[in-house]
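As structure tokens, the structure follows; a few thoughts come after it.
The sequence lines fix the lettering, A, B, ..., with proteins before strands; numbering per chain opens at 1. Treat the numbers as computed from the prediction; the structure is a model and nothing was measured.
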Number of protein chains: 2
Amino acid sequence: MRPVRVLLAEDQAMLRGALRALLEADPEIEVAFDVGDGAAAVELVRAHRIDVVLMDLRMPRLDGVRATAEITRLAPTTRVLVLTTFDADELVVAAIRAGACGYVTKDIRPAALRQAVLDVADGSAALAPGVAEKVIGLLRRAPVADPDALAPLTAREREIFGLIVAGRSNDEIGATLHLTRNTVKTHVRAVLGKLGLRDRVHAVIYAYEHGVAPRDGLLSSPRVSP
Amino acid sequence: MRPVRVLLAEDQAMLRGALRALLEADPEIEVAFDVGDGAAAVELVRAHRIDVVLMDLRMPRLDGVRATAEITRLAPTTRVLVLTTFDADELVVAAIRAGACGYVTKDIRPAALRQAVLDVADGSAALAPGVAEKVIGLLRRAPVADPDALAPLTAREREIFGLIVAGRSNDEIGATLHLTRNTVKTHVRAVLGKLGLRDRVHAVIYAYEHGVAPRDGLLSSPRVSP
DNA sequence: GCGGGCATCCGCCGATCGTGGGATCGTTGC
DNA sequence: GCAACGATCCCACGATCGGCGGATGCCCGC
């Protein structure tokens with residue numbers, strides 16, 4: 001099997017050497033380059049075929065997050081695995097947003113690191129246990145779709161609610177549903193009253209806060225089997 | 001060191017036996033019980049000290065997600081590690097929401113499974129590579145904070161914008177900022193004009209869609225070092 | 001110094017919105 | 001059958017909102 005071509009981006013030269021040795025202990029891994037800053041990493045990825053970039057976040061010239069963003073933009077097939085000392089929430093999210101498909105900390109065991117490199121090369125992702133915990137925490141804290149949020153509303157009122165949240169005026173809602181302005185206002189009144197809301201602005205806020213706004217995000221609709 | 005007490009919840013008896021043998025190959029792990037349905041798992045966790053529940057999702061009587069929710073409610077210190085054949089998005093999210101702190105699939109290697117059990121017992125989390133990929137995908141798709149969303153606004157206008165999004169009326173905004181109703185309206189007009197919005201309802205929608213609403217979620221504010 | 005952006009105020013107008021009342025019609029359930 | 005509920009419509013009132021024009025001071029940069 002063709003070995004996985006790895007680029008090492010890490011500003012401490014000594015650690016870089018150690019990582020190279022560690023990775024090349026696995027015959028399936030070939031460390032093609034090692035560099036000390038983000039800009040160099042981007043340049044090399046642009047010019048050569050690289051399967052996996054092992055990326056430190058704290059680096060001169062171009063920090064790891066930006067470098068990751070550049071690399072995933074220039075070479076979408078190249079996979080970036082972040083290897084860093086820190087596992088702060090913001091960094092994890094920022095790195096993943098930038099396109100990283102893995103995040104491990106430097107206290108990882110050698111075998112696990114090699115496995116992580118192979119995993120990401122394989123199309124999977126790799127999250128170190130500590131990092132996975134943060135990610136899970138984030139997911140859990142993410143906006144929750146409250147199934148009871150619209151419980152007291154009738155079908156018609158839900159329709160009205162949806163159009164309010166979409167930013168439609170009463171006249172527009174009337175035109176959409178073939179209703180008079182007055183009828184719409186009656187429904188709007190029922191919606192606001194039942195949900196205890198002051199006005200349509202609060203209805204919009206309510207919708208977003210309860211995850212019933214027309215978000216396309218998958219996060220907002222977790223289904224439990226009935 | 002005291003071994004990790006594990007409860008095995010898995011409806012296939014044969015697999016259950018295999019898992020028990022596999023786990024107990026590690027001296028740090030002790031399989032205290034093994035059961036075939038979710039309800040039994042909940043009962044046992046209630047009555048005994050269990051460190052880790054290895055939970056199948058598809059089970060009779062009480063499915064894994066609900067059982068997980070029950071267990072994390074009854075015994076918050078007990079950690080649930082999901083072990084299942086499927087890695088569908090909804091299941092992963094549902095399980096994590098229910099309180100699972102790990103999610104591995106049944107094609108995992110024995111050593112990795114044992115390590116996952118020890119990791120979650122340790123307070124960390126464990127996500128199998130394939131699952132981690134889905135989670136990362138979800139995180140990436142999550143609402144993005146657009147740093148340029150409020151770029152054209154002055155500091156004062158941002159303040160006004162924030163209060164609009166909080167659902168405050170013009171008079172309330174005036175009272176908060178010690179301004180006249182008229183002054184507030186001037187600012188509101190400037191905000192709507194600069195952002196190309198029709199009215200304050202659209203301003204609220206704009207805020208949520210661009211991730212600049214006052215969400216407490218960490219997801220909405222990824223910071224990149226400057 | 002003088003324009004230009006900013007924050008602050010003012011009054012006026014028309015549109016929209018929220019709320020009060022009341023009315024008809026159909027379905028569903030006791 | 002009748003009560004209860006929901007959907008639909010109507011009118012009128014006052015509050016709020018958005019848009020227009022204009023005004024004053026301030027501070028910064030050319």
Side-chain angles (χ1 to χ4, degrees), chain A residues 145-210 212-214 226, chain B residues 146-214 226:
Chain A
D146 182 355
D148 302 336
L150 303 180
L153 302 188
T154 69
R156 198 52 153 178
E157 287 159 355
R158 269 167 234 224
E159 226 170 342
I160 302 288
F161 181 83
L163 290 166
I164 291 175
V165 174
R168 299 306 185 35
S169 74
N170 286 342
D171 278 335
E172 286 171 336
I173 295 174
T176 304
L177 301 180
H178 306 289
L179 299 177
T180 313
R181 173 199 288 97
N182 297 300
T183 309
V184 175
K185 292 173 89 168
T186 303
H187 288 309
V188 171
R189 189 143 33 103
V191 169
L192 298 182
K194 286 183 179 177
L195 299 181
L197 301 169
R198 192 207 296 180
D199 53 31
R200 62 208 300 119
V201 174
H202 284 219
V204 174
I205 298 171
Y206 181 89
Y208 278 97
E209 292 297 332
H210 289 76
V212 287
Chain B
D146 181 354
D148 303 336
L150 303 180
L153 303 188
T154 69
R156 198 50 152 177
E157 286 159 357
R158 267 167 235 225
E159 225 170 341
I160 301 286
F161 181 85
L163 289 165
I164 292 175
V165 174
R168 299 303 181 41
S169 74
N170 286 341
D171 277 336
E172 287 171 334
I173 296 175
T176 303
L177 301 181
H178 306 290
L179 298 178
T180 313
R181 174 197 289 100
N182 295 302
T183 308
V184 175
K185 293 177 80 169
T186 303
H187 288 309
V188 171
R189 198 150 19 105
V191 169
L192 298 180
K194 285 183 179 178
L195 299 181
L197 301 169
R198 192 206 297 180
D199 53 31
R200 62 207 299 118
V201 175
H202 283 223
V204 174
I205 298 171
Y206 180 88
Y208 278 97
E209 293 297 333
H210 289 76
V212 287

Inset, instruction - Using the six-membered ring wherever Trp is involved, compare the ring planes of B:Tyr208 and A:Tyr208 and label them parallel, tilted or perpendicular (cut-offs 30° and 60°). - result: parallel
Inset, instruction - Measure across B:Leu192 and B:Arg198 and return the closest heavy-atom pair with its distance rounded to 0.1 Å. - result: CD1-O, 4.1 Å
Inset, instruction - Output yes when at least one side-chain N/O atom of A:Thr180 is less than 4.0 Å from OP1 or OP2 of D:dC10, else no. - result: yes
Inset, instruction - Would you tell me if any nitrogen or oxygen in the side chain of A:Thr154 comes within less than 4.0 Å of OP1 or OP2 on D:dA7? - result: yes
Legend entry - Length of the NZ-C1' vector between B:Lys194 and D:dG19, whole Å: 17 Å
Legend entry - Backbone of B:Thr183 reached by a side-chain donor or acceptor of B:Thr180 within 3.5 Å: no
Legend entry - Enclosure of A:Arg181 CZ (heavy-atom neighbours >12, cutoff 6.0 Å): no
Legend entry - Out of C:dT8, D:dT8, D:dC17, whichever nucleotide has its closest atom nearest the side chain of B:Lys185: D:dC17
Inset, instruction - With a 4.0 Å heavy-atom cut-off, tell me which residues in residues 155-177 of chain A come close to DNA chain C, sorted by residue number. - result: A:Ser169, A:Asn170
Legend entry - Separation of D:dT8 C1' from A:His187 NE2 (nearest whole Å): 6 Å
Inset, instruction - Please state how far atom CZ in A:Arg189 lies from atom C1' in C:dG22, giving the value in whole angstrom units. - result: 11 Å
Inset, instruction - Please report the closest heavy-atom contact between B:Leu197 and B:Ala203, naming both atoms and the distance. - result: CD1-CA, 3.6 Å
Inset, instruction - Can you pull out how bent the helix from C:dG1-D:dC30 to C:dC30-D:dG1 is, comparing the axes over its first five and last five pairs, to 10°? - result: 30°
Inset, instruction - Would you mind telling me which residue lines up with the more 5' stretch of DNA chain C, B:Pro152 or B:Thr186, judged by nearest nucleotide? - result: B:Pro152
Inset, instruction - Please state how far atom CZ in A:Arg198 lies from atom C1' in C:dT19, giving the value in whole angstrom units. - result: 15 Å
Inset, instruction - Please answer whether the main-chain N or O of B:Gly167 pairs with a side-chain N or O of A:His202 as donor and acceptor at a distance below 3.5 Å. - result: yes
Inset, instruction - Return the minimal non-hydrogen interatomic distance between A:Val165 and A:Ala207, and the atom names on each side. - result: CG2-CB, 3.5 Å
Inset, instruction - Using a 4.0 Å heavy-atom cut-off across all strands, classify A:Asp199 as base, sugar-phosphate, or nothing. - result: sugar-phosphate
Inset, instruction - Would you indicate which nucleotide in D:dC17, C:dC10, D:dC11 comes nearest to any side-chain atom of A:Asn182? - result: D:dC11
Legend entry - Under-4.0 Å side-chain N/O to phosphate OP1/OP2 contact, B:Arg200 with D:dG18: yes
Inset, instruction - For B:Thr183, answer base if it contacts any base atom (sugar-phosphate contacts may also be present), sugar-phosphate if it contacts only those atoms, and nothing otherwise; contact means non-hydrogen atoms under 4.0 Å. - result: base
Inset, instruction - Apply side chain to side chain donor-acceptor pair (under 3.5 Å) to A:Thr154 and list each qualifying residue two or more places apart in sequence or on a separate chain. - result: A:Glu157
Inset, instruction - Round to the nearest Å and state the distance from A:Leu197 atom CG to C:dT19 atom C1'. - result: 16 Å
Inset, instruction - Keeping the roles fixed (side chain from B:Arg200, backbone from B:Arg168), state whether a donor-acceptor pair exists under 3.5 Å. - result: yes
Inset, instruction - Take the protein atom CG of B:Leu179 and the nucleotide atom C1' of C:dC6, then report the distance between them rounded to whole Å. - result: 13 Å
